[in-house]
Amino acid sequence: MAAGGSFPGSRGPGSAALQTMLCPTSPHLALLALLSVAGAVGQGEPCPSEMNLIKDRLQVNCSGQGLSVVPLALPRNTGILLLSTNRLASVSTASFQHLPELAELDLSGNVLGVLHTVAPLLLLQELILSHNALEVLPTLQGLPALTRLTLAHNNISELLPGAFRDVGKLTELNLRGNQLRTLPEEAFEGLAGLKDLDLSDNALEELPQGLLAGLELNTLWLSGNQLRTLPSGFFPEWHMFAYVYLARNPWHCDCGLAYLQGWIVDNDISIYIEEQKSDGLLTQNDPQSPVCDSPLRHHGRPVIEFQQLCSKAGDTDLDIDGTMTEEGTPVPSTTVPSTTLPPTTPVPPTTAPSTIQSPITPVPTTTAPSTILPTTIATPPTTAPEPASPAPP
Ligand SMILES: *[C@@H]1O[C@H](CO)[C@@H](O)[C@H](O)[C@H]1NC(C)=O
Ligand SMILES: *[C@@H]1O[C@H](CO)[C@@H](O)[C@H](O)[C@H]1NC(C)=O
């Protein structure tokens, strides 16, 4: 098995693409493999393979060969199998039973409508199924070691409660670019080790309050959906995220958004945006990236900035009891206490703790000798280094 790694160097001539060619059993097969690069690879012929030195696994590349069935003749010690950009419409894990070391399987860019997982793949850690035609989540039994599951750009429209119960070791789950409109509260139940959850570019209109309960995510993608608000208590209270993506949703900036706005203010260093640049995707901190879509006069305004709306006593949008009348949107009763609470205070309740408390006002009293001391020293540590949260002048 380990001998596989020594082949590439010993086969001197050939193009760069062929240098890494690896013969699983005999020189004849190696020759076949060399020939196969020029023409189409028929069923039963080996795909080019090489030792992946970083992952220390034999990587077999059957990508882009027009395959409609999984090749039979694959090296027994295959650790990484690339089958992307083929014409596979239906695959069963039974096709990989003769590959006991298989740890990564890339089936992206096929036309998969079905993945049968009856036969277990006990060591499989990564399963890449993006850019296929899956309309339902495959059953995920028999994959106990799976840590990374990528289902991006399929046509999945529904997840059942406990959908990922069988793959409790997942650390990364990518559902970007599917047709999800709603999710059950228990969709991600049991994924205590999940770090990265991508739900962006779906059609999510609302999310249940307890969706993230029990999770300890580093990264959450909700960008590119149809979300107008998030329920109060949606984000686990004690938890700090590294990256949260909320842009490209039609946020409805009325008092029902007070919870989300307060959360953004408190977590502004975690709010990120992904931007397409000429040299690739750029990710950067941008607490202003979640933007109001409605009502019309707030259209385009950052969610983080519309805080005055609900607090101003004389605001025409707001009844005494905090009920919005515009567009007939009633405010959930949970927000009533926070909005009715300070009828005399002009400061918005959501940001009050973070902005008022900062004793910036003492600075002027000591400003007389301020030429000696930089004013920044007198400034207490505010919530974030970014000047995102509006501080009183
Ligand atoms: C796998 O093979 C395809 C087609 O020959 C090629 O385009 C691709 O770069 C290869 N991938 C890797 C990781 O070697
Ligand atoms: C996915 O669904 C969309 C809309 O329902 C449809 O237009 C598209 O053809 C589907 N894609 C595949 C690969 O089945």
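Computed from a prediction, not measured in an experiment: that's the story for all the values here. In each ligand, atom 1 is the first atom listed, and ligand 1 is the first ligand listed.
Among the candidates C47, S108, C62, the single residue satisfying the side-chain contact (heavy atoms from CB on, under 4.5 Å) test with L83 is C62.
For the atom pair CE of M240 and CG of N218, the computed distance is 10.5 Å after rounding to the nearest 0.5 Å. Atoms CG and CG, from L140 and L146 in turn, are 7.0 Å apart once rounded to the nearest 0.5 Å.
Take S63 and apply the side-chain hydrogen bond (donor to acceptor under 3.5 Å, both in side chains) test, not counting sequence neighbours, and it matches N61, S84.
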What pairs of donor and acceptor atoms, side-chain ones from residues 160-168 against any protein atom, are under 3.5 angstrom apart with sequence neighbours left out?
unit_1	atom_1	unit_2	atom_2	d
R165	NE	E189	OE1	3.2
R165	NH2	E189	OE1	3.0

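Residue pairs meeting the disulfide bond (SG atoms under 2.5 Å apart) criterion with at least one member in residues 79-148: none, sequence neighbours excluded.
Within 4.0 Å of ligand 1, counting heavy atoms only, the contacting residues are Q59, N61, S63, L82.
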